[in-house]
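Keep in mind it's a predicted model, so treat the numbers as computed, not measured. Throughout, protein chains are lettered first and strands after them, A, B, ... in sequence-line order, and every chain is numbered starting at 1.
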There are 2 protein chains.
Amino acid sequence: MASIKDVAARAGISVATVSRVLNNHPAVRPATRDRVLAAITELGYRPNGVARSLRTHQTHTLGLVISDVLNPFFTALARAVEDQARDQGYSVIIGNADEQPELQDHHVRSLLDRRIDGLLVSPTDDSSPLLAEVARSGVPVVFLDRWIPGVDVPVIRAAGSSAVHDLVAHLYGLGHRRIAIIAGPSNTTTGNERVIAFREALDSHGLAAPDRYQQHGDYQAASGRRAAARFLDLHDPPTAVFAADNLMALGAMDEIRHRGLRVPDDIALAAFDDIPWFLHTDPPLTAIAQPTGALGHAGVRALIDLLDGRATDSVTLPARLVPRRSCGESEMEHR
Amino acid sequence: MASIKDVAARAGISVATVSRVLNNHPAVRPATRDRVLAAITELGYRPNGVARSLRTHQTHTLGLVISDVLNPFFTALARAVEDQARDQGYSVIIGNADEQPELQDHHVRSLLDRRIDGLLVSPTDDSSPLLAEVARSGVPVVFLDRWIPGVDVPVIRAAGSSAVHDLVAHLYGLGHRRIAIIAGPSNTTTGNERVIAFREALDSHGLAAPDRYQQHGDYQAASGRRAAARFLDLHDPPTAVFAADNLMALGAMDEIRHRGLRVPDDIALAAFDDIPWFLHTDPPLTAIAQPTGALGHAGVRALIDLLDGRATDSVTLPARLVPRRSCGESEMEHR
DNA sequence: ATCTCCCATGTAATCGTTACCATGAAGCGC
DNA sequence: GCGCTTCATGGTAACGATTACATGGGAGAT
């Protein structure tokens, strides 16, 4: 593969000048620039990004570590991150942590070894010594969706609390009084937040929140299924279930159907995270929609601000309730 | 950030020896190795992958260019590729072409500039001068799922044809005689193959395949919707529709429901690509399942074989029919 | 005791760029 | 016409690693 030296030789000029042309430095005579450009096309030369990175200490690459690529929420998030990064001239390397802290650490280390310019992370849990150290050591880091308390980096996330209140109000309005939650892992920030908002909302309607109406899952379908099974085995099963993410909602739906019960007639179901498929499930699922694209875009912007040394704040965007048929019929049905 | 020189200084030794320890070269006295290791942990040293790559001409990174990350089939494929690559000590940079040839070229170029060791591509269409040239120039390339005729690189894909025959037989068995297809773009190999298999299957049952029962989409939901609308507007609409990918099936379902019709009572629906959500749609969708994980794994193995200079063949894996309720009731219902 | 040979280690070239400094020519004011 | 600035360009050190080759010391063979 041709190098800058070959181009220089071909154009009868020094490598320094070729480099100037490449980086469109102003001090190059137009005639020379043309000669260089000609040599470049003749040789099919493309600058070696590796060498460039070594010299400039920049890779124009961002690392994105997420918990589960197969979760449509994270897929959409990754897509948004990639789009925005490309717009700004950056590539993205995605690391899929699969909700495993060790795998997350593996990816963080591997990305740092590749000298990515900055890191976007949605941490698997709320304490990662490695991430804390990385952030402290000055590597530009931004948390996306989830974060780690005590680690001082910008956090880009959606505030679900008011939408959760709306959801509970919606359920209450449809007559539900025994409402259960399939929560996320209690060692994730999103896991906790959603539970807290949920309990507050119950409280504000004077509803009880007994322990047996709260199960913890791991954001995977199978755990949603197990949690639903526990609820349905109770002597006074809940009339409505709120799943803290889309995959657990799917699992719960699975279990409910498996028992020959119907949503919403026998039991209502709602989920955190809206995804296109929810329109097409049987019945369409009521969900809390996060502004996924905006989150990804804001995350990249924040990280690039950090890279460029600009001041960067955390961003919290609103989530909103999207009522469909899975909690019972209401007058305000949306498509 | 500490470099190999710092480690050498700290251990009172030359950089060559540190490098030997790093690459566990045998000719290092255990005592020296320990001193080096100690210095490494004290300094928190991590080798600079960029410098290493420049020197060794290897990045231990693979490029994966796919047509649409948001399509669950490709998401799962990407996931499988990443898993297998990690097992083999490689990272993956994913480029999302969004079914746009120019974006695909952008990613290919950007990946090559980063000097990835090899490229996995699922081409957006069946002719890409850039990819042809890249392959000819000796860069290790493997095609995944789709390929480009005339470009001589290994192709890893699923053979859908026998499963398509099974599907048509299934539909025929349920009494369907007017069967339509929402095909993929005719300039993709998968688009064509599925149509050909479909028409052959119709033919073998003595069924006609009039032009009005064939529409082309672009593998996106909206196009499935439009195609379904055309079929439903006919004076003799088909009784069954086969969509050549999952997103177009989704769009078709959307349109059918929008018109107040029911699947399968008013019209049957089946899709190419099985995805977890199809279990939960209303009704559960009959689909042709590709061995997605195996495809991804085989793709990576083939590419690494190529990198290591081993002989590499194309691989074709079988797809299979997964009958559910969307084509009408049958005795053999699967969960 | 001397000669080999091998083992552990050091020296330095190299990968492909960028960027600093030097250099010579040209332009300009006086 | 002289000195000074500016411009276009060249030479070359560095970025951080790997690796071929050189080197010196010790062990084993004779």
Side-chain angles (χ1 to χ4, degrees), chain A residues 1-40 43-61 89 109-117 139, chain B residues 1-40 43-61 89 109-117 139:
Chain A
M1 189 157 271
S3 85
I4 199 172
K5 274 190 201 147
D6 304 316
V7 175
R10 178 112 187 184
I13 222 169
S14 80
V15 293
T17 302
V18 176
S19 173
R20 284 191 194 96
V21 172
L22 255 26
N23 298 280
N24 42 54
H25 187 100
V28 177
R29 210 151 38 104
T32 323
R33 145 167 287 120
D34 291 346
R35 280 226 309 289
V36 172
L37 259 23
I40 287 180
L43 294 171
Y45 166 77
R46 303 237 82 207
N48 183 322
V50 174
R52 201 172 248 190
S53 294
L54 178 60
R55 186 56 234 246
T56 60
H57 302 278
Q58 287 192 29
T59 50
H60 280 276
T61 303
R109 254 190 283 267
S110 145
L111 290 166
L112 292 178
D113 287 355
R114 289 194 147 68
R115 298 298 190 267
I116 45 121
D117 294 341
V139 177
Chain B
M1 190 156 271
S3 86
I4 199 171
K5 275 189 201 148
D6 303 316
V7 175
R10 177 113 185 180
I13 222 167
S14 80
V15 293
T17 303
V18 176
S19 173
R20 287 194 190 94
V21 172
L22 255 27
N23 297 282
N24 42 51
H25 186 101
V28 177
R29 207 150 40 102
T32 326
R33 147 166 285 119
D34 291 347
R35 280 224 313 288
V36 172
L37 258 24
I40 286 179
L43 293 171
Y45 167 76
R46 304 236 79 209
N48 184 323
V50 175
R52 203 172 246 192
S53 294
L54 178 60
R55 185 57 234 248
T56 60
H57 302 280
Q58 287 193 26
T59 50
H60 280 274
T61 303
R109 254 189 282 265
S110 147
L111 289 165
L112 292 178
D113 287 354
R114 292 194 144 68
R115 298 299 191 267
I116 44 124
D117 294 341
V139 176

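- Atom CG of B:N48 is separated from atom P of D:dT18 by 10 Å (rounded to the nearest Å).
- In this structure, A:R114 atom CZ and D:dC15 atom P are separated by 23 Å, rounded to whole Å.
- Contact detail for A:A11 and A:V36: the closest heavy-atom pair is CB-CA, 4.2 Å.
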*Test log, rule side-chain contact (heavy atoms from CB on, under 4.5 Å), inputs A:R52 and A:L22*: CA-CA 11 Å; A:R52 201 172 248 190; A:L22 255 26; 4.0 Å; yes

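- In this structure a side-chain-to-backbone donor-acceptor pair under 3.5 Å is present from A:D6 to A:S3.
- Across D:dA17, D:dG10, D:dT9, the shortest atom-to-atom separation from the side chain of A:A27 is found for D:dT9.
- Put simply, CZ on A:R55 is 6 Å from C1' on D:dC15, counting in whole angstrom units.
- Comparing A:V18 and B:G12 along DNA chain C, the residue whose closest nucleotide (by nearest heavy atom) sits nearer the 5' end is B:G12.
- A:I4 places its CD1 atom 16 Å from the P atom of D:dT12, with the value rounded to the nearest Å.
- Among the atoms of the strands shown, only primed sugar atoms or phosphate atoms (P, OP1, OP2) are found under 4.0 Å from some heavy atom of A:T17.
- A:R20 and A:T32 form no side-chain donor-acceptor contact under 3.5 Å, judged by distance and modelled atom types alone.
- One interatomic measurement links the two molecules: CD of B:Q58 to C1' of D:dT19, which rounds to 14 Å at whole-angstrom precision.
- The heavy-atom pair separating A:V50 from B:S53 by the smallest distance is CG1-CB, 3.8 Å.
- Nucleotide D:dA17 holds its C1' atom 13 Å from the NE2 atom of A:H57, rounded to whole Å.
- Whole-Å rounding puts the B:I40 CD1 to D:dA17 P distance at 10 Å.
- Using a 4.0 Å heavy-atom criterion, one finds that A:T32 contacts the sugar-phosphate atoms exclusively.
- Under 4.0 angstrom from either OP1 or OP2 of D:dT19 there lies no side-chain N or O belonging to B:R20.
- Nucleotides of DNA chain C that come within less than 4.0 Å of any heavy atom of chain B span, from the 5' end to the 3' end, C:dA8 to C:dG16.
- Residue A:S19 is in base contact, counting any heavy-atom pair closer than 4.0 Å across all strands shown.
- Among the protein residues, A:V50 comes within range of no part of the nucleic acid, since none of its heavy atoms lies under 4.0 Å from any strand.
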*Walk me through it: do B:R46 and A:L112 pass the test side-chain contact (heavy atoms from CB on, under 4.5 Å)?*
CA-CA 9 Å; B:R46 304 236 79 209; A:L112 292 178; over 6 Å; no

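- Looking only at side-chain heavy atoms (C-beta outward), B:T61 and B:R114 stay at 4.5 Å or farther from each other.
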